[in-house]
Participant: 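Before anything else, here's the structure in question.
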Amino acid sequence: MTWSALARAATTAARRTLAQPGLAVVSVGFYLLVTAAVTSLWRSAAEAHGGEIAGYSGLALTWYIVASEATVVAQRVRLIEEVGTEIGSGAIEPELLRPVAAVGVRLATEIGAVLPRLVACLVAGAGYAALVAGAPIATGSIGLALPSIVLAVVCNIAAQHAVAAASFWVRDAKSAWYLYHKFVFIAGGMLIPLEVLPESFESVARLLPFSAMAYAPARLASGYFEPGLLIGQALWTAVMLVAAVAMFARGERRLTAAP
Amino acid sequence: MRATFRAAMLESWANRRSFWTQLAAMFVNDIAWVAFWVLFFEEVGEVRGWARADALMLLAVITTAAGFVLGVTGNVRRVASVIADGELDAALALPTPTLVHLLARRIEPVNIGDLVFGCLLFALAGDPTPARIAVFAFGVVTAVFVYGGFLLALGSLAFRTGRGEVGELGFHAVTMLASYPVDIFSGPTKFVLYTVVPSAFVSSVPVRLLDSFDPQWAALGAGAALLSATIGVVSFQTGLRRYTSGAAWTRA
């Protein structure tokens, strides 16, 4: 019953996304702009650096950015703020009366809404990369990159719900989205491969969950066949899902216990 | 006009905790960009004539200019949705020019954070001699007019299309592309960045002037500012003549 309800929530959200082609165009257009700008920067850098930076060629960097940007840009950038506002304003309360866990429905809805945008971004990005840089270096690692991209999105959405759940206790927690995204940008390897960071910073970044949200699929898409990255991602995704469910459960208890 | 601006200021200042939180959030956002450029140039050295100091000045110019446009004239980004949702009705009934009222009506604290950050970054990393301060101010003023005019022109398309997607995409395009040195692009893309999406005039040209002041480039920047602002205002005013009421009584 619960699983079918969640599947229905995800399907309905996906259909809603598909029914808004205007927003999809903006989303894909924005993705292509970011990808074009960042890949141009890295290709120029590789060119100026003898054709390679930290083991990445211009071609590898292009596919790296195509994957890392898709996992992040396909999502709603202010998800933490929006969920936080709904919690803070009490708009979430009717959802607590339903027979299915509110956080479960929210996660399923968000994942369902993101997937069509993700597919559109990836198709556009792959076309762009093939056009300006060339075909992917290794098809084997690209095969791993696809499930890795989905795991990255699920992990990120779950983590954002866990952070947004702080709004059950703290009034201004919704502003945390700025800080959260900057961690994904730098420590998560979205804008910059972790191998480019100073050694100590790189070691810390590899221990954080943010690398599962951008770096892992990007590294695989850039041609490195490293299945261990998928295992790490699966672990972080499980941790983030449990954290989101636990945070919402505690927050809901607090809300219903309040006089 | 002054009363409208004062009301907008008081509104944004009403929730002081939120004001400071948003300001701090934008500071964190901008510091992350500083970190990115420092890490990038630490590894790469120099790219097509751009070094770390240039990238930091690029960030200073774009945050100051965008912070002013989106912070002080906050409605400029919402022009399309204001038009499409019929929210202009309330502004039309006022004795002030519609465009002036619209632009002065909203202050966005989060972007004020950008404005303050950009000035601070220039003060700390821009070697601020009186001559460089003057060039920085000139560059920012031209960037403000180019950026604001472009956003206004794109937003005004909603008078004809009734939709805001083009404006939104244009906003992302000019902001994103202005955040990177124009010289990393080449060929037709570079031409587009000096013409159709004039992001080069929002950041790279002012930085070039800071690097070595060239009267020809300064004149080009001033011309782009004048042209962009004129196109923005004319687009809005001609579009306004076509505007039919959304029958919604709201505050614009």
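Because the structure is a prediction, the values reported are computed rather than measured.
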Participant: Rounded to the nearest 0.5 Å, what's the gap from CE on B:Met176 to CG on A:Leu32? Could you check?
Facilitator: 12.0 Å
Participant: Rounded at 0.5 Å granularity, tell me how far OG in A:Ser40 sits from CZ in B:Arg48.
Facilitator: 8.0 Å
Participant: Is B:Trp50 close to chain A through its backbone or its side chain, or both, or neither, when contacts mean heavy atoms under 4.5 Å?
Facilitator: neither
Participant: Would you please go through residues 54-74 of chain B and name the residues with a non-hydrogen atom below 4.5 Å from one of chain A, in numerical order?
Facilitator: none
Participant: Would you please go through residues 112-119 of chain B and name the residues with a non-hydrogen atom below 4.5 Å from one of chain A, in numerical order?
Facilitator: none
Participant: Tabulate, in ascending numerical order, the residues of residues 185-197 of chain A having at least one heavy atom closer than 4.5 Å to a heavy atom of chain B, or enter 'none'.
Facilitator: A:Ile186, A:Leu191, A:Ile192, A:Val196, A:Leu197
Participant: If you count heavy-atom pairs under 4.5 Å between each of B:Glu42, B:His172, B:Glu46 and chain A, which one has the most?
Facilitator: B:His172
Participant: Once rounded to the nearest 0.5 Å, what's the spacing between atom OG1 of B:Thr175 and atom CZ of A:Phe30?
Facilitator: 9.0 Å
Participant: So for B:Phe41, is it side chain, backbone, both, or neither that comes closer than 4.5 Å to the heavy atoms of chain A?
Facilitator: neither
Participant: Pick one of side chain, backbone, both or neither for A:Ala36, based on which atoms fall under 4.5 Å of a heavy atom in chain B.
Facilitator: backbone
Participant: Step through the shown structure and confirm whether more than 12 heavy atoms of other residues, nucleotides or ligands are within 6.0 Å of CZ on B:Phe171.
Facilitator: yes
Participant: Contact part of A:Phe183 toward chain B, heavy-atom cut-off under 4.5 Å: side chain, backbone, both or neither?
Facilitator: neither
Participant: Using non-hydrogen atoms and a 4.5 Å limit, figure out which bit of B:Tyr180 sits close to chain A: side chain, backbone, both or neither.
Facilitator: side chain
Participant: What parts of residues 202-211 of chain A touch chain B if we use heavy atoms and a cut-off under 4.5 Å?
Facilitator: none
Participant: Using a cut-off of under 4.5 Å on heavy-atom pairs, state which of A:Ala48, A:Ala45, A:Ser27, A:Ala54 scores highest against chain B.
Facilitator: A:Ala45
Participant: Look only at the side chain of A:His49 and the backbone of B:Glu43, and say whether a donor-acceptor pair between them is shorter than 3.5 Å.
Facilitator: yes
Participant: May I ask you to name which of A:Pro198, A:Gly29, A:Ala37, A:Ala46 has the most heavy-atom pairs under 4.5 Å with chain B?
Facilitator: A:Ala37
